[in-house]
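The structure under discussion appears below in the form of structure tokens.
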Amino acid sequence: LLIVSLFDSISTNPYGVKVVVTSRKLFFGSLSLKVKARQEGIDYRSQIWKKDVLRMIIKYLKDDGLPSSINFLEIGAASGLVSLFLAEWSSNNKKNYDISCIEPSLKNVQFLEETAVSNKLRINIIPMALSSKNGWVDFCIEETRGVVGSGIDGIDIIKTNKVPSMNFETLKAYISNVNICYVDAFANETQIVSKLLLHFPNIKMYIIEFNSDIPINLKKDLEDYSYKLSYQSGINYQFTKSN
């Protein structure tokens with residue numbers, strides 16, 4: 001043990017701790033992605049990603065007659081597998097796509113970017129939080145999910161960090177056209193969707209994850225903007241804009 005300790009003090013290889021890249025393929029039906037994970041949380045999330053959400057999106061696109069161009073925004077993308085598989089599906093179906101992910105965790109961003117590049121997929125990545133103002137916002141990792149801003153309230157936090165945030169006016173400088181939007185922003189859904197309704201009035205369909213029931217005020221906001229609840233799968237709610 002003393003000899004091993006001596007070598008550890010000199011070099012981390014081959015005797016010390018080393019992060020080993022985990023390579024595998026993930027599947028969704030006939031689709032597959034080559035992925036690599038270097039962090040336990042991301043590797044775990046790769047096994048529990050939101051397949052139901054992707055099914056809801058693809059069903060909506062098929063019911064809508066498979067538009068020639070797919071414009072998708074994912075807010076709180078985590079490892080971004082919904083966006084990555086949607087890009088792969090769009091490519092296989094010879095559809096143009098413009099897919100953007102907003103995600104403040106740099107570990108998730110690294111995984112998302114590396115996976116997109118290795119699978120030859122075009123994903124726009126905004127490595128920031130979405131907030132009411134430009135600047136800095138509190139961010140923490142709670143178990144396997146990132147929690148931002150006011151969502152942190154009431155959670156027993158060991159450590160918080162600061163990440164850059166942008167407001168909705170700034171978001172419009174990056175993204176001008178969104179048809180489908182998926183929001184998975186723990187405890188911040190109401191704030192985000194209410195602002196999206198104002199700044200992106202042409203979004204045709206939302207999928208919003210609620211860990212509890214839909215807040216009454218947000219449901220009213222959606223109805224005021226001509227959205228109706230068209231489908232629900234577990235904690236994911238699909239709202240479609242009436243023509």
Side-chain angles (χ1 to χ4, degrees), residues 20-103 105 107-127 144-146 175 177-185 203-210 229-241:
V20 179
V21 177
T22 303
S23 300
R24 61 165 61 90
K25 273 191 175 183
L26 299 182
F27 293 91
F28 178 80
S30 61
L31 304 176
S32 66
L33 291 174
K34 296 177 292 183
V35 303
K36 296 178 181 179
R38 295 175 174 82
Q39 196 261 346
E40 183 180 1
I42 293 175
D43 197 43
Y44 175 68
R45 290 190 66 88
S46 296
Q47 307 306 313
I48 61 168
W49 66 278
K50 308 300 178 61
K51 296 181 178 69
D52 281 352
V53 172
L54 185 58
R55 292 188 187 97
M56 291 165 73
I57 294 169
I58 291 174
K59 183 179 186 304
Y60 172 81
L61 289 169
K62 288 181 176 179
D63 291 346
D64 200 37
L66 284 182
S68 58
S69 181
I70 297 167
N71 299 289
F72 177 66
L73 171 62
E74 184 174 7
I75 300 173
S79 50
L81 287 168
V82 171
S83 288
L84 288 162
F85 270 109
L86 180 60
E88 180 74 6
W89 181 86
S90 301
S91 180
N92 281 9
N93 283 274
K94 297 181 170 37
K95 300 295 179 182
N96 295 324
Y97 64 88
D98 188 358
I99 294 176
S100 300
C101 294
I102 299 176
E103 172 55 44
S105 168
K107 289 180 179 180
N108 284 331
V109 167
Q110 179 192 29
F111 175 87
L112 174 52
E113 181 181 39
E114 185 176 59
T115 304
V117 170
S118 63
N119 290 277
K120 297 182 173 60
L121 302 172
R122 294 176 289 102
I123 304 290
N124 305 316
I125 305 170
I126 303 176
T144 60
R145 64 187 171 196
I175 302 169
N177 186 24
V178 180
N179 290 334
I180 302 171
C181 181
Y182 170 41
V183 180
D184 179 5
I203 293 176
K204 294 181 178 179
M205 190 268 276
Y206 283 98
I207 296 177
I208 311 168
E209 179 181 305
F210 294 102
L229 179 61
S230 53
Y231 187 73
Q232 179 184 350
S233 177
I235 59 176
N236 297 298
Y237 295 75
Q238 177 179 319
F239 291 89
T240 308
K241 193 175 184 69

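- The number of heavy atoms from other shown groups lying within 6.0 Å of CD (Glu114) is above 12.
- Put simply, OH on Tyr231 and CZ on Arg55 are 9.5 Å apart, with the number rounded to the nearest 0.5 Å.
- Ring pair Trp49/Phe85: centre-to-centre distance below 6.0 Å.
- No donor-acceptor contact under 3.5 angstrom links the side chains of Ser79 and Asn108, judged on distance only.
- With hydrogens and angles disregarded, no donor-acceptor distance shorter than 3.5 Å links the side chain of Ser32 to the backbone of Leu26.
- In terms of heavy atoms, Gly76 sits closest to Glu103 at C-OE1, 3.7 Å.
- Taking the side chain as every heavy atom from C-beta outward, Asn71 and Ile180 never approach each other to under 4.5 Å.
- Distance check: Ile207 CD1 to Phe239 CZ gives 11.0 Å after rounding to the nearest 0.5 Å.
- Within the 4.5 Å cutoff, the side chain of Ile99 has no heavy atoms near those of the Asn124 side chain.
- Panel note: side chain Thr115, backbone Leu112; no donor-acceptor pair is recorded below 3.5 Å.
- In this structure the side chain of Val183 reaches within 4.5 angstrom of the side chain of Cys181, judged on heavy atoms.
- For the pair Lys50 and Val82, the tightest heavy-atom approach, listed with the atom from each and the gap, is O-CG2, 3.7 Å.
- The NZ atom of Lys36 lies 5.0 Å from the OG atom of Ser23; values are rounded to the nearest 0.5 Å.
- For Glu74 (side chain) and Tyr182 (main-chain N/O), no donor-acceptor pair under 3.5 Å exists by modelled atom type.
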Derivation and outcome, side chain to side chain contact (heavy atoms under 4.5 Å, CB included), residues Leu61 and Leu86: CA-CA 11 Å; Leu61 289 169; Leu86 180 60; 4.2 Å; yes

Determine, stepwise, if the pair Asn179 / Phe72 fulfils side chain to side chain contact (heavy atoms under 4.5 Å, CB included). CA-CA 6 Å; Asn179 290 334; Phe72 177 66; over 6 Å; no

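- Residues Arg122 and Tyr97 have side chains in contact (heavy-atom distance under 4.5 Å, counting atoms from C-beta outward).
- When all heavy atoms of Pro127 and Ile125 are compared, the pair lying nearest together is CD-O, 3.5 Å.
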Are Asp184 and Ile75 close enough, and set up right, to give a side chain to side chain contact (heavy atoms under 4.5 Å, CB included), and what steps lead you there? CA-CA 6 Å; Asp184 179 5; Ile75 300 173; over 6 Å; no

List the steps and the verdict of side chain to side chain contact (heavy atoms under 4.5 Å, CB included) for Leu73 and Ile175. CA-CA 9 Å; Leu73 171 62; Ile175 302 169; 3.6 Å; yes

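- Side-chain contact check for Ile58 versus Phe28: some heavy-atom pair is nearer than 4.5 Å.
- Counting only heavy atoms from C-beta outward, the side chains of Gln232 and Asn236 never approach each other to under 4.5 Å.
- Nearest heavy-atom pair across Ile123 and Cys101 is CG2-SG, 3.9 Å.
- Donor-acceptor pairing under 3.5 Å is lacking for the side chains of Ser69 and Asn96.
- Tyr206 places no side-chain N or O within donor-acceptor distance of the main-chain N or O of Lys241, the cut-off being under 3.5 Å.
- Crowding of Lys204 atom NZ: a count of heavy atoms from other residues, nucleotides or ligands under 6.0 Å not exceeding 12.
- With no hydrogens or angles considered, no side-chain donor-acceptor pair links Asn177 and Asp98 at under 3.5 Å.
- Of all non-hydrogen atoms in Leu33 and Asn119, the two that sit nearest each other are CA-OD1, 3.6 Å.
- Among all heavy-atom pairs drawn from Ser233 and Met56, the shortest one is CB-SD, 3.8 Å.
- Remark: Tyr237 pairs with Phe210 by the ring pair (Phe, Tyr, Trp, His ring centres under 6.0 Å) rule, at least two apart or across chains.
- Side-chain contact between Arg24 and Val35 is present, with heavy atoms from C-beta onward closer than 4.5 Å.
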